[in-house]
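Below you'll find the structure, written out as structure tokens, and then a few comments.
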Protein chains: 2
Amino acid sequence: MVARRGRRNGAEVPFDADNAPTAEMPAVTDGDPVRVRSIPEAAVARLAVYLRVLSAMAEQGSTTVASEELATAAGVNSAKLRKDLSYLGSYGTRGVGYDVRVLVGQIERTLGLTRQHKVAVVGIGNLGHALANYGGFPGRGFPVEALFDVDPDLIGVPVGGIPVSHLDDIPEVCAERGISIGVIATPPTAAQSVCDRLVAGGVQCILNFAPVVLQVPEHIEVRKVDLAVELQILSFHVARRADEKKGSHAVGNGMVVP
Amino acid sequence: MVARRGRRNGAEVPFDADNAPTAEMPAVTDGDPVRVRSIPEAAVARLAVYLRVLSAMAEQGSTTVASEELATAAGVNSAKLRKDLSYLGSYGTRGVGYDVRVLVGQIERTLGLTRQHKVAVVGIGNLGHALANYGGFPGRGFPVEALFDVDPDLIGVPVGGIPVSHLDDIPEVCAERGISIGVIATPPTAAQSVCDRLVAGGVQCILNFAPVVLQVPEHIEVRKVDLAVELQILSFHVARRADEKKGSHAVGNGMVVP
DNA sequence: GAATGTGAAAGCGTTCACAGCG
DNA sequence: CGCTGTGAACGCTTTCACATTC
């Protein structure tokens, strides 16, 4: 996966390649004082997955879960899972497992999900439409509060309950409504300019669906979702597999081409 | 199940790198034509990005490009870029740079883009619709050749030129049409069952938009695109930043005290 | 007995810095 | 001289394995 990674551009920074995911915090105990040791970026992504699995388990009435079980459900191995959870602190009970609700709470806190993050979607084409209609976005906590497009026919039309505004109004509207996450679902040509306006509007993070490498200031976090890249990675694996005729030994499914 | 982790080797040629984890091949790679070695997964993802940038450059008439320039355009540093390209072989000219067209060709070949990969989209809701309408999918080479849904009102209706079939017909239709990539855009509850049927239909790779961890046989490659996870990662960074008022002093990677 | 939490080791991936070549 | 190609150093992740705790 992934693989991923967002920001970074700033061409020539002398030293300080920054980018080190560090997040430190004061200490201890439960309650609100979050204790955030620096958590590896890779672990953060998995925490979100664990959270989903745990939520499902909670709904089904599970109260505790062992690392092995949770790991399996999340598609990782148990050592990794325990290590990941250990970044949150020690919330398990030896010989028993983890309390599901406690863990849900801890992960939510760590991921900052106790706060709401208002989302703007830019580009109300097929994809933007789909995103806007997700209605309150996955698992709530990410309400869509602004939509933008250039198409005059769309301006003012409500999509998923929110009227579409014009691209030109991005900075004001975002600032006004306190948008913290901008989603770019425009054609590639518009993406950079949209991005700049989002930044101008005070947005802190950007989720970019446009196939472009965005240039952003240091302090803006960017994640990209690139369909073409995903498909090409899959294509690579298909090709690799096809060339793997060599392995000979009992590989299930032969399918070789001389 | 465990997250997969494939052995990866190169894409090409009779020779099969011994693919043992550690070993780099001894340097002896002389100017041989395309001798393969294993390409890191992370590099593969970037190759796709380089390819896009290079194609754009080619269209604008560039014939050669230096690593520094290409790297900047792709949002990486030049050392990484050169390393990545070196996995393809030596196609640059010292003191000059890379020939754009040659590089495009090499990357396409490595990514398996010289072949077509037929795509099926399952779940013709908002997102599936958007995907189906991408029409021939990003950058051609990934024609959508089958659509599936459960909704009786949708069956038979053409979307983006392809009539929608029923989920139950996934195995037959996929096998018939030689689908190699399945895209899952269904609600989470349906995803695993859809996945199983795609596999039964001979699909080799799956791109999963549903927020579920899919269980698949060893030989199937899965990539997931998870909106909720992306947003939660961004949320984490917002939270981290908010808590960062603490270290106060300038960016310099403050290793803060507990 | 059972399962967590974690140092230490093993793998990977990125960056450095320079040799090598046009 | 300029720029590629790459061994080697470095740092992040994952895995191992076991002491620790309930």
Side-chain angles (χ1 to χ4, degrees), chain A residues 1-5 8 12-23 37-47 64-72 74-99 102-103 106, chain B residues 2-9 19-32 35 37-47 64-72 75-99 102-103 106 253 255:
Chain A
M1 80 188 102
V2 173
R4 25 297 310 218
R5 170 119 307 156
R8 150 133 278 158
E12 42 228 39
V13 186
F15 320 108
D16 189 57
D18 154 274
N19 170 37
T22 11
R37 273 216 310 277
S38 83
I39 300 182
E41 180 88 15
V44 173
R46 287 188 298 265
L47 286 176
T64 65
V65 62
S67 65
E68 196 67 56
E69 185 187 355
L70 179 52
T72 303
V76 302
N77 70 44
S78 62
K80 191 189 287 185
L81 176 119
R82 288 199 303 277
K83 183 70 99 181
D84 287 345
L85 294 185
S86 78
Y87 295 123
L88 310 178
S90 285
Y91 297 105
T93 306
R94 294 171 195 236
V96 180
Y98 300 89
D99 182 284
V102 170
L103 218 44
Q106 286 305 324
Chain B
V2 180
R4 62 179 1 340
R5 188 73 288 213
R7 62 270 246 79
R8 45 286 247 267
N9 0 358
N19 101 39
T22 341
E24 275 295 325
M25 286 196 61
V28 196
T29 353
D30 51 302
D32 260 11
R35 195 110 267 174
R37 330 64 169 185
S38 71
I39 302 183
E41 180 88 14
V44 173
R46 288 188 298 266
L47 285 175
T64 65
V65 62
S67 65
E68 196 67 56
E69 185 188 354
L70 179 51
T72 303
V76 303
N77 71 44
S78 62
K80 191 189 285 184
L81 177 117
R82 289 198 303 277
K83 183 70 102 179
D84 288 345
L85 294 184
S86 78
Y87 295 123
L88 310 177
S90 285
Y91 297 104
T93 307
R94 294 171 194 235
V96 180
Y98 300 89
D99 181 283
V102 169
L103 218 44
Q106 286 307 322
N253 115 17
M255 290 303 289

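In what follows, chains carry the letters A, B, and so on, assigned in the order in which the sequence lines appear, proteins first and then strands, with residues in each chain numbered from 1.
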d(CD, B:E41; P, C:dT14) in whole Å:
11 Å

So, taking the atom named CD1 in A:I39 and the one named CG in A:D84, what distance separates them when rounded to the nearest 0.5 Å?
9.0 Å

Return the value, rounded to whole Å, for the distance between atom CD of B:E69 and atom P of D:dT4.
10 Å

If you take all heavy atoms of A:S67 and A:Y98, which pair is closest and at what distance?
CB-CE1, 4.1 Å

Every protein N/O lying under 3.5 Å from an N/O of nucleotides 18-20 of chain D:
| from | atom 1 | to | atom 2 | distance (Å) |
| --- | --- | --- | --- | --- |
| D:dT20 | O2 | A:R94 | NH1 | 2.5 |

Just N and O in the side chain of A:Y87: are any of them under 4.0 Å from OP1 or OP2 of D:dT14?
no

Kindly point out which of D:dG5, C:dC16, C:dT6 is positioned nearest to the side chain of A:S86?
C:dT6

In Å and rounded to the nearest 0.5 Å, what is the CD to OG1 distance from B:E69 to B:T64?
8.0 Å

B:E68 CD - C:dC16 P separation (whole Å)
12 Å

Provide, to the nearest angstrom, the distance between the CD1 atom belonging to A:I39 and the C1' atom belonging to D:dT13.
15 Å

Over how many whole Å does the gap from B:L85 atom CG to C:dT14 atom P extend?
13 Å

Please figure out whether A:T93 or A:D84 has its closest DNA chain D nucleotide nearer the 5' end.
A:D84

Would you name the heavy atoms of A:Y87 and A:S38 that are closest together and state the gap between them?
CD2-O, 4.3 Å

Atom NZ of A:K80 and atom CG of A:L85: how far apart are they, to the nearest 0.5 Å?
13.0 Å

To the nearest angstrom, the CG-C1' distance between A:L81 and D:dT13 comes to 15 Å

Mind calculating the distance between CG (A:L88) and C1' (C:dT4) to the nearest angstrom?
14 Å

Among D:dA8, D:dT4, D:dT15, which nucleotide sits nearest the side chain of B:K83?
D:dA8

When rounded to whole Å, the OH to P distance for the pair B:Y91 and C:dC21 reads 18 Å

Once side-chain contact (heavy atoms from CB on, under 4.5 Å) is applied, do any residues pair with B:A71, and if so which ones, sequence neighbours excluded?
B:V76, B:S78, B:L81

Residues at least two apart in sequence or cross-chain that pass side-chain contact (heavy atoms from CB on, under 4.5 Å) with A:V102, listed by chain then number, are A:Y91, A:D99, A:Q106

A:N77 side-chain N/O to D:dT14 phosphate OP1/OP2 under 4.0 Å
no

Phosphate contact (D:dG5 OP1 or OP2) by B:Y98 side-chain N/O below 4.0 Å:
yes

Would you please confirm or rule out a distance under 4.0 Å between OP1 or OP2 of D:dT4 and any side-chain N or O of B:S67?
yes

